[in-house]
Amino acid sequence: MAYVYILRCDGNRYYVGSAVDLQKRLKHHDRGLTPSTKRLGNCHLVLSQEYETLIDARLVEGKIKKLKRKDYIARMVKDGVIKVMPR
């Protein structure tokens, strides 16, 4: 199994990522070991969704990142579900 996750960071910014081991990945973010979130300040998990494969999770992550729309990501967080399909 794999996950797509959304973090909310300082300044009300979002970070979208994917991982096989979600807890391990979140620890990396918390410890400042991820350069892309280290500069964003404190981040916390606001949404995660499970997928069958890492390939599917990465496809969904890429589609969300291509949207570049904070309001769409905020809507997913509010609804509690990622409505993007992997294929």
Side-chain angles (χ1 to χ4, degrees):
M1 299 310 268
Y3 299 87
V4 172
Y5 61 94
I6 300 175
L7 305 177
R8 183 177 292 137
C9 304
D10 289 347
N12 204 27
R13 297 185 67 182
Y14 291 102
Y15 174 84
V16 179
S18 59
V20 173
D21 187 340
L22 183 59
Q23 295 308 314
K24 183 177 178 180
R25 188 69 177 128
L26 293 175
K27 286 179 185 176
H28 282 159
H29 288 295
D30 289 343
R31 293 179 182 152
L33 302 175
T34 307
S36 54
T37 55
K38 185 177 182 178
R39 64 181 174 76
L40 297 176
N42 294 324
C43 297
H44 62 279
L45 180 68
V46 292
L47 181 62
S48 67
Q49 191 162 299
E50 192 174 53
Y51 292 88
E52 288 189 27
T53 67
L54 184 58
I55 292 170
D56 287 345
R58 293 257 165 96
L59 287 170
V60 171
E61 174 192 2
K63 287 181 178 184
I64 294 170
K65 286 181 173 180
K66 283 181 184 178
L67 293 172
K68 296 185 180 187
R69 290 193 49 191
K70 184 178 172 181
D71 62 324
Y72 189 77
I73 295 171
R75 174 57 103 174
M76 286 188 280
V77 170
K78 181 181 176 191
D79 292 346
V81 65
I82 296 172
K83 297 178 183 175
V84 177
M85 298 300 292
R87 299 168 197 220

Any sub-3.5 Å donor-acceptor pair from Lys66's side-chain atoms to Glu61's backbone N or O? no
A side-chain contact here means heavy atoms from C-beta on lying under 4.5 Å apart; do Met1 and Tyr51 qualify? no
Which pair of non-hydrogen atoms, one from Tyr3 and one from Ala57, has the smallest distance, and what is that distance? O-CB, 3.9 Å
Working note: Asp10 + Leu40, criterion side-chain contact (heavy atoms from CB on, under 4.5 Å); need CA distance, chi angles, decisive distance, verdict. CA-CA 6 Å; Asp10 289 347; Leu40 297 176; over 6 Å; no
Side chain to side chain contact (heavy atoms under 4.5 Å, CB included) partner of Met76, the single match among Val81, Val16, Val4, Leu47: Leu47
Separation between CD (Glu52) and CD1 (Ile55), nearest 0.5 Å, reads 12.0 Å
Let me see the working for Ile64 and Ile73 under side-chain contact (heavy atoms from CB on, under 4.5 Å), right down to the final yes or no. CA-CA 8 Å; Ile64 294 170; Ile73 295 171; 4.0 Å; yes
Rounded distance (nearest 0.5 Å) linking atom CG of Leu67 with atom OH of Tyr72: 6.0 Å
Ring centroids only, cut at 6.0 angstrom: are His44 and Tyr15 within range, meaning strictly under it? no
Minimum heavy-atom distance between Lys63 and Met85, given as atom pair plus value: NZ-O, 2.8 Å
Looking at Lys27, I'd like to know if its NZ atom is crowded, meaning that more than 12 non-hydrogen atoms belonging to other residues, nucleotides or ligands lie closer than 6.0 Å. no
Hey, are the side chains of Cys9 and Asn42 touching, using non-hydrogen atoms and a 4.5 Å cut-off? no
Would you give the length of the straight line joining atom CG of Leu22 to atom OG of Ser48, rounded to the nearest 0.5 angstrom? 5.5 Å
Is the closest side-chain heavy-atom distance between Glu50 and Asp56 below 4.5 Å? no
Does Leu33 have more than 12 heavy atoms from other residues, nucleotides or ligands lying within 6.0 Å of its CG? yes
Any salt bridge linking Arg25 with Asp21? Criterion: basic side-chain nitrogen under 4.0 Å from a carboxylate oxygen. no
Residue pair His29 / Thr37, side-chain donor-acceptor N/O under 3.5 Å: yes
Rounded to the nearest 0.5 Å, what separation is found between the CG atom of Leu7 and the OG atom of Ser36? 9.0 Å
Just checking, any donor-acceptor pair under 3.5 angstrom between side chains of Thr53 and Arg58? no
Of the non-hydrogen atoms in Ser18 and Tyr5, which two are nearest, and what is the gap between them? N-CE2, 3.4 Å
What one should report as the nearest heavy-atom pair of Val60 and Val84 is CG2-O, 3.8 Å
Test of understanding: clusters of I, L, V, M, F, W, Y form through side-chain heavy atoms closer than 4.5 Å, transitively. Do Ile82 and Val46 belong to the same one? yes
Working to the nearest 0.5 angstrom, can you tell me the gap between Lys70 NZ and Arg13 CZ? 8.5 Å
